[in-house]
There are 2 protein chains.
Amino acid sequence: MVFHMENYSASLDSSFHALSDPTRRAVLARLVLGNAPVKELAEPFEMGLPSFMKHLKVLEESGLIETEKKGRVRTCRLNSKQLAATEAWLAEQRAIWEGRTDRLAEYVEANQSKGSLS
Amino acid sequence: MVFHMENYSASLDSSFHALSDPTRRAVLARLVLGNAPVKELAEPFEMGLPSFMKHLKVLEESGLIETEKKGRVRTCRLNSKQLAATEAWLAEQRAIWEGRTDRLAEYVEANQSKGSLS
DNA sequence: ACAATAGTTTGCTATCTGGTGAACTATAGC
DNA sequence: GCTATAGTTCACCAGATAGCAAACTATTGT
């Protein structure tokens, strides 16, 4: 499962950072439904185009989306691999958490102040 | 699945932001293994305690961890619910992506420049 | 040709981020 | 009671972020 660790951490940095903004999450949620040009993506938001383009740039540099310009139209698409890779980090932590054998002991520890035994 | 949407987006903002830093992810990965006091958590990192405490604060304000001070020791523990809630957003996007019925059409579109048909 | 469209570039803000060192507080151990 | 320990608070800094308006470029439609 450890393929190319070189910049794995940096890649997670930028992906999670990209995901930390509601505008960018909304763009991703839109692209999950299908590709779209910049103008259509920008429409729901009140900010100016230059601001919006910055968000797209953050998404593209994180690898979560890819874009291609044809004529005067730039079309954006989701990169599901990067989305999956990001989810995988969280899934792995949850798997470790769920696999712990000492959670019962911890439950007892958390409740030891309540005199259920002594 | 939509329980209390009020600050759902803001909660994701802060969780993803907390996850976007390698120090904070390392702290989470440690806490997945079990609770720990601040000093033990801080040990692997070269930064000063004040800097490290800022990271802990970001994690705590995101809800990903909880802390409790007993005597002079502050113990930290993972909040698995917040971790799961964050993962859930990504899982939902993937589910939508995987459930799309038009991805074959898109595959064709992506490969139409290669003259496999015409 | 020329006007509208789609995006880009530039320069300017205010705020947030992640780090520092130094001084301080509160507990535990002897 | 003194000292070491564990954490906290403070003031400060450089760089990144997220927004804006205005001017600009490159297509497409007529």
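Everything quoted here is computed from the prediction, not taken from an experiment. Each chain gets a letter, A, B and so on, in the order the sequences are listed, and its residues count up from 1. Keep in mind that the numbers below use all heavy atoms, side chains included, and drop hydrogens, waters and symmetry copies.
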Asker: Using whole Å, what does the distance between atom P of nucleotide dT9(D) and atom NZ of K57(B) come to?
Answerer: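 Rounded to whole Å, this separation is 8 Å.
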
Asker: What is the distance, to the nearest angstrom, from the CD atom on E68(B) to the P atom on dA6(D)?
Answerer: 18 Å

Asker: Which pair of non-hydrogen atoms, one from T75(A) and one from N35(A), has the smallest distance, and what is that distance?
Answerer: CG2-CB, 4.1 Å

Asker: dT17(D), OP1 or OP2 - any side-chain N/O from H17(A) closer than 4.0 Å?
Answerer: yes

Asker: Could you give the CG-to-P distance, from D13(A) to dA16(D), as a whole number of Å?
Answerer: 14 Å

Asker: So, OP1 or OP2 of dG19(D): does either fall under 4.0 Å of a side-chain N or O from H55(A)?
Answerer: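 Yes, because at least one side-chain N or O of H55(A) sits under 4.0 Å from OP1 or OP2 of dG19(D).
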
Asker: In this structure, how many angstroms lie between the P atom of dA16(D) and the CD atom of E61(A), rounded?
Answerer: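 Rounded to the whole Å, the gap is 12 Å.
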
Asker: Closer than 4.0 Å, any side-chain N/O of S51(B) to the OP1 or OP2 of dT20(C)?
Answerer: yes

Asker: Any idea which heavy atoms bring F52(B) and V38(B) closest together, and the distance?
Answerer: CE2-O, 4.0 Å

Asker: Using OP1 and OP2 only, check whether a side-chain N or O of R72(B) sits under 4.0 Å from dG29(C).
Answerer: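 Answer no for this pair, as no side-chain N or O of R72(B) is under 4.0 Å from OP1 or OP2.
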
Asker: Below 3.5 Å, does any donor atom in the side chain of K54(B) face an acceptor in the base of dG19(C), or the other way round?
Answerer: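 It does, because a donor-acceptor pair links the side chain of K54(B) to the base of dG19(C) below 3.5 Å.
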
Asker: Below 4.0 angstrom, N of the basic side chain to O of the carboxylate: do E68(B) and R74(B) qualify?
Answerer: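 No.
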
Asker: With a 4.0 Å heavy-atom cut-off, tell me which residues in residues 37-50 of chain B come close to DNA chain C, sorted by residue number.
Answerer: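 M47(B), G48(B), P50(B) - these, ordered by number, are the residues of the stretch whose heavy atoms sit under 4.0 Å from the strand.
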
